[in-house]
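Given the structure is predicted, the values throughout are model-derived calculations rather than measurements. Residue numbers start from 1 in every chain, and the chains themselves are labelled A, B, ... in the order their sequence lines are given, proteins ahead of strands. When reading the values below, keep in mind they use all heavy atoms of this one structure, side chains included, and skip hydrogens, waters and symmetry mates.
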Protein chains: 2
Amino acid sequence: MERKRLDEQIASKGVRLTAQRRAVIASLQEADVHLDAATLLERARQRNPNIDRATVYRTLELLKKLGLIDELDLMHLEGEKHYFEAKSVRGHFHLACFTCGAIVEYTSSTFEQLKQEITSEHGFEIQVVRLEVGGQCEKCRRLPRDSQLSESGEHTPRAVSQKA
Amino acid sequence: MERKRLDEQIASKGVRLTAQRRAVIASLQEADVHLDAATLLERARQRNPNIDRATVYRTLELLKKLGLIDELDLMHLEGEKHYFEAKSVRGHFHLACFTCGAIVEYTSSTFEQLKQEITSEHGFEIQVVRLEVGGQCEKCRRLPRDSQLSESGEHTPRAVSQKA
DNA sequence: CTTCCTGCAAACCTTTTGCATGCCT
DNA sequence: AGGCATGCAAAAGGTTTGCAGGAAG
């Protein structure tokens, strides 16, 4: 999923950043997956070891205020923490598999159409959309129960019970 | 939005309930708006004064496990708490106005179509869908900034800043 | 000189859990 | 007896805030 360059976007708004915030933002930008605040802190510290939790949260707050990132729950698959990603050029949403923990990104013109409808038929000005789907992915549906879990380390099926 | 009768659904599953749980469930069922756990506790206590927080959470957990309620974030308009509602017969989602705090329920055949697509094109078995839209409602868009806030007590615009 | 940023620690809020007790079958 | 439900209090987990010191304009 192609995402917007955060640093450029910020620069174009005339906002100046400190070294710490740049480290946080760069870590977020280059992440291949959706990061939660704790992981983001960890990665930012690889660039700038004395960054504090608070700075991460304050930077995320700034990015939210500028409308440059999305905040996700990912169906609370692993608790109440939030995940962040740079806004993508095209809208997309996430399918979360309760069995294997996989998160799949999904784009659909029907989704775009739905947003269109909300705007035009309801007069609602959309600023943020969060669509998250939980269930069982194709792979897990076809396989005997639990055979997914040990196959790959990239997914962490923390909670099989649905939280929403 | 027409919602399923929780007590009937539960009975039909052969689950027996205690008086406390019935009080919680009845309070949830009759609520006109989406309740968070604290408010639900408050209302349940009007029926049965010595109900504890833990009982409310444990009852909600049961209802989730039975697939009878939906858990919402409502765009974190008022913090991290969750809101609950009996599942409705037809799928619906919520438009949250960051300005006046109004929550509008929305149904759309395009939404149904989108779910259809996810299932058929992606082989994903949907168990839970959460679609939440944040922005500015028609009324607020037309009015000068902030003139909504004092007009009505039914909406509580705790956070104008978007959290997602 | 003023403003904003920072780390640190403490506070906050919602949700979860351990435990001893009690109810119901 | 056995199993589940309950209240209470404490813990957990993520996020926010007060504060004093610093850097930058």
Side-chain angles (χ1 to χ4, degrees), chain A residues 10 13-25 27-28 34-42 44-45 47-66 69 71-84 156 158-164, chain B residues 10 13-25 27-28 34-42 44-45 47-66 69 71-84 156 158-164:
Chain A
I10 292 168
K13 302 209 180 200
V15 177
R16 245 198 322 278
L17 295 171
T18 61
Q20 275 99 330
R21 295 196 173 187
R22 259 180 273 122
V24 173
I25 290 169
S27 301
L28 181 57
H34 315 99
L35 301 183
D36 60 273
T39 309
L40 182 53
L41 171 61
E42 208 177 278
R45 273 182 168 159
R47 296 164 187 261
N48 196 325
N50 49 333
I51 292 181
D52 189 77
R53 229 186 339 211
T55 296
V56 170
Y57 282 109
R58 291 194 266 236
T59 304
L60 289 170
E61 194 188 349
L62 172 66
L63 292 172
K64 279 189 280 183
K65 203 151 38 195
L66 294 174
I69 59 174
E71 188 173 15
L72 315 167
D73 290 326
L74 298 182
M75 296 314 279
H76 300 298
L77 224 55
E78 305 193 36
E80 295 308 315
K81 64 189 169 195
H82 297 155
Y83 299 85
F84 302 88
T156 319
R158 212 59 58 93
V160 176
S161 72
Q162 70 192 59
K163 286 214 56 174
Chain B
I10 293 168
K13 301 210 181 200
V15 177
R16 243 197 324 277
L17 296 170
T18 60
Q20 275 99 331
R21 296 197 171 187
R22 260 180 273 121
V24 172
I25 290 169
S27 301
L28 181 56
H34 315 98
L35 301 182
D36 60 276
T39 309
L40 181 54
L41 171 61
E42 206 177 280
R45 274 183 167 159
R47 295 164 187 262
N48 196 325
N50 49 333
I51 293 181
D52 189 78
R53 228 185 341 211
T55 296
V56 169
Y57 282 109
R58 291 193 266 238
T59 305
L60 290 170
E61 193 188 351
L62 172 66
L63 293 172
K64 278 190 281 184
K65 201 152 40 195
L66 294 175
I69 58 173
E71 188 172 15
L72 315 167
D73 289 326
L74 298 183
M75 297 313 279
H76 300 298
L77 225 56
E78 306 192 36
E80 295 309 314
K81 63 189 169 195
H82 297 156
Y83 299 84
F84 303 89
T156 318
R158 211 61 56 93
V160 176
S161 72
Q162 69 192 57
K163 284 213 61 174

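Asp36(B) comes within 4.0 angstrom of nothing in the nucleic acid, heavy atoms only. Among the protein residues, Ala37(B) comes within range of the sugar-phosphate backbone only, with heavy atoms under 4.0 Å from sugar or phosphate atoms but none that close to a base. Contacts of Glu61(B) with the nucleic acid, taken as non-hydrogen atoms under 4.0 Å apart, are absent.
In summary, the side chains of Asp52(A) and Thr55(A) do not present any donor paired with an acceptor at a separation below 3.5 Å, with no hydrogens or angles considered.
Closest approach to the Ile51(B) side chain among dG7(C), dT15(C), dG7(D) is made by dG7(D) (side chain taken as heavy atoms from C-beta onward). When distances run from any side-chain atom of Arg58(B) to the nucleotides dT6(C), dT15(D), dC8(D), the shortest one goes to dC8(D). Counting only heavy atoms from C-beta on, Arg21(A) has its side chain closest to dT6(C) among dT6(C), dT16(D), dT15(C).
Atoms OH (Tyr57(B)) and P (dC8(D)) sit 16 Å apart, rounded to a whole Å. In this structure, the CG atom of Asp52(A) is 13 Å from the C1' atom of dC19(D), given to the nearest Å. Counting to the nearest Å, the P atom of dT16(D) and the CD atom of Glu80(A) are 14 Å from each other. Glu42(A) places its CD atom 16 Å from the C1' atom of dG14(D), with the value rounded to the nearest Å. Here dC13(C) presents its P atom at 14 Å from OH of Tyr83(B), a figure rounded to the nearest Å. For the pair Arg22(A) CZ and dC4(C) C1', the interatomic distance rounds to 15 Å; values are reported in whole Å. Per the geometry, CG belonging to Leu62(B) stands 11 Å off C1' belonging to dA5(D), to the nearest Å. For the pair Phe84(B) CZ and dT14(C) P, the computed distance is 12 Å after rounding to whole Å.
When every heavy atom of Ala23(A) is checked against every heavy atom of Ile51(A), the shortest pair comes out as CB-CD1, 3.8 Å. Contact between Phe84(B) and Ala37(B) at its shortest, heavy atoms only, is CE1-N, 4.2 Å. Closest non-hydrogen pair, Tyr83(B) versus Glu78(B), comes out as OH-CB, 3.7 Å. Heavy-atom minimum distance, Leu40(A) versus Leu28(A): CD1-N, 3.7 Å.
Along DNA chain C, the nucleotide closest to Arg16(B) and the one closest to Arg53(B) are compared, and the more 5′ of them pairs with Arg53(B).
For the pair His82(B) and dT14(C), the criterion of a side-chain N or O lying under 4.0 Å from OP1 or OP2 is not met. In this model, the phosphate group of dA23(D) is not approached by any side-chain N or O of Thr18(A) to a distance below 4.0 Å at OP1 or OP2.
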